[in-house]
2 protein chains.
Amino acid sequence: MEQKIIDLLKRSNLSITDSRKKILESFFEEDSALAHADIEDHVGEDFDRVTIYRTLQTFVDKGIIHTIPTPDNAVLYALCKDSCSAGHHHDNHVHFICDNCNKTFCLEHVVVPAVHMPVGFAASQIDMVVSGICNYCNATT
Amino acid sequence: MEQKIIDLLKRSNLSITDSRKKILESFFEEDSALAHADIEDHVGEDFDRVTIYRTLQTFVDKGIIHTIPTPDNAVLYALCKDSCSAGHHHDNHVHFICDNCNKTFCLEHVVVPAVHMPVGFAASQIDMVVSGICNYCNATT
DNA sequence: ACACTATTGCAACTATGTTGCAAAATGTTA
DNA sequence: TAACATTTTGCAACATAGTTGCAATAGTGT
């Protein structure tokens, strides 16, 4: 784990600092998307609020994490898979918010479907967020 | 205009107050979605910030306006068309954000396409937000 | 016009996010 | 590994967004 995180930071040309390691750890331990507050909880008192904001921004810039738009306008972050690089995100997958457990997931294998635009409109990016009940909650209720 | 607004308020079982009239007016005058700040600008010093918050919330509850999720997590509101009623929104249309003029529109006639969910996931609501260049900006540049 | 109810404004508060700057940690080179 | 240049961090202060309780005011039905 430790090594995986260090490798990822090196690959992104970032220096290895305690806060970056700890924050990345949060993402690897949780399989769902995290809000700023979740991360603050996870890293505890160890780091300043401001550091967390700046670190998340750095990770987004470097293509390590991406933000997820949500209908209630909370800001969520999730790890990018393979195909993202600095300044160039490829998150064309659908995001899912569970109304039961309130967790948000990337459905890595569900590609955002094409949609036909009216004349005159040119689409450059499409975000799709689905809410409902996730597989875990469906299995246990 | 005045009469249209009064009728809408009556239909929604809301009392006719100056702030409600003025805020609804903002929506009818703009054809794009509005942020809280836009409305504050439009109504000027006439009403308190808090009143605007509460009025917008009331309108959402009554199915007069709906919120639009945006990738940068700004909260936007737009008028609901015909099919919405109190506690029951039907905004299954696509939303469009213009990267040039920064306005957000409801594409009333573009229905959110179906998407195939992985086993175990049950979708109840789908939000689709498209960014790009709108018809007006495409025509004038 | 009156009384009842709903709405508004004010003040205070919480949460969220940003900026400048000095101190500390990291990476690099000798 | 010691010294230096560069990043990163923490602090303080600030800015914006949104909420709540309560008293004053405005709207509604009779």
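Every chain is numbered from 1, with letters handed out A, B, ... down the list of sequences.
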Is it true that [X] and [Y] have ring centroids separated by less than 6.0 Å?
| X | Y | answer |
| --- | --- | --- |
| B/His109 | A/His116 | no |
| B/Phe105 | B/His95 | no |
| A/Tyr53 | A/His36 | yes |

Identified side chain to side chain donor-acceptor pair (under 3.5 Å) counterpart of B/Asp7 within the set B/Arg11, B/Lys10, B/Gln3: B/Gln3
Would you sort out whether A/His42 and A/Glu29 count as a side chain to side chain donor-acceptor pair (under 3.5 Å), showing the intermediate values? CA-CA 10 Å; A/His42 184 266; A/Glu29 284 180 6; 3.0 Å; yes
Mind checking which nucleotides bracket the chain B contacts on DNA chain D, 5' to 3', with an atom under 4.0 Å from a heavy atom? D/dA17 to D/dT28
C/dG9 C1' sits how many Å from B/Glu45 CD, rounded? 14 Å
Output the rounded distance in Å from CZ (B/Phe59) to P (C/dA6). 17 Å
Scan residues 46-54 of chain A against DNA chain C and write down, sorted by residue number, each residue with any heavy atom closer than 4.0 Å; if none is found, say none.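 DNA chain C contact set from residues 46-54 of chain A: A/Arg49, A/Val50, A/Tyr53, A/Arg54.
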To the closest 0.5 Å, what do you measure between CZ (B/Phe121) and SG (A/Cys137)?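 Rounded to the nearest 0.5 Å, the CZ-SG separation comes out at 9.5 Å.
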Backbone of B/Thr55 reached by a side-chain donor or acceptor of B/Arg20 within 3.5 Å: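 Side chain of B/Arg20 to backbone of B/Thr55, a donor-acceptor pair under 3.5 Å: no, none is there.
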Quick check on contacts: within residues 10-22 of chain A, what sits under 4.0 Å from DNA chain D by heavy-atom distance? A/Ser15, A/Thr17, A/Ser19, A/Arg20
Could you say whether A/His36 or B/Thr58 is positioned toward the 5' end of DNA chain C, judged by the nucleotide with the nearest heavy atom to each? B/Thr58
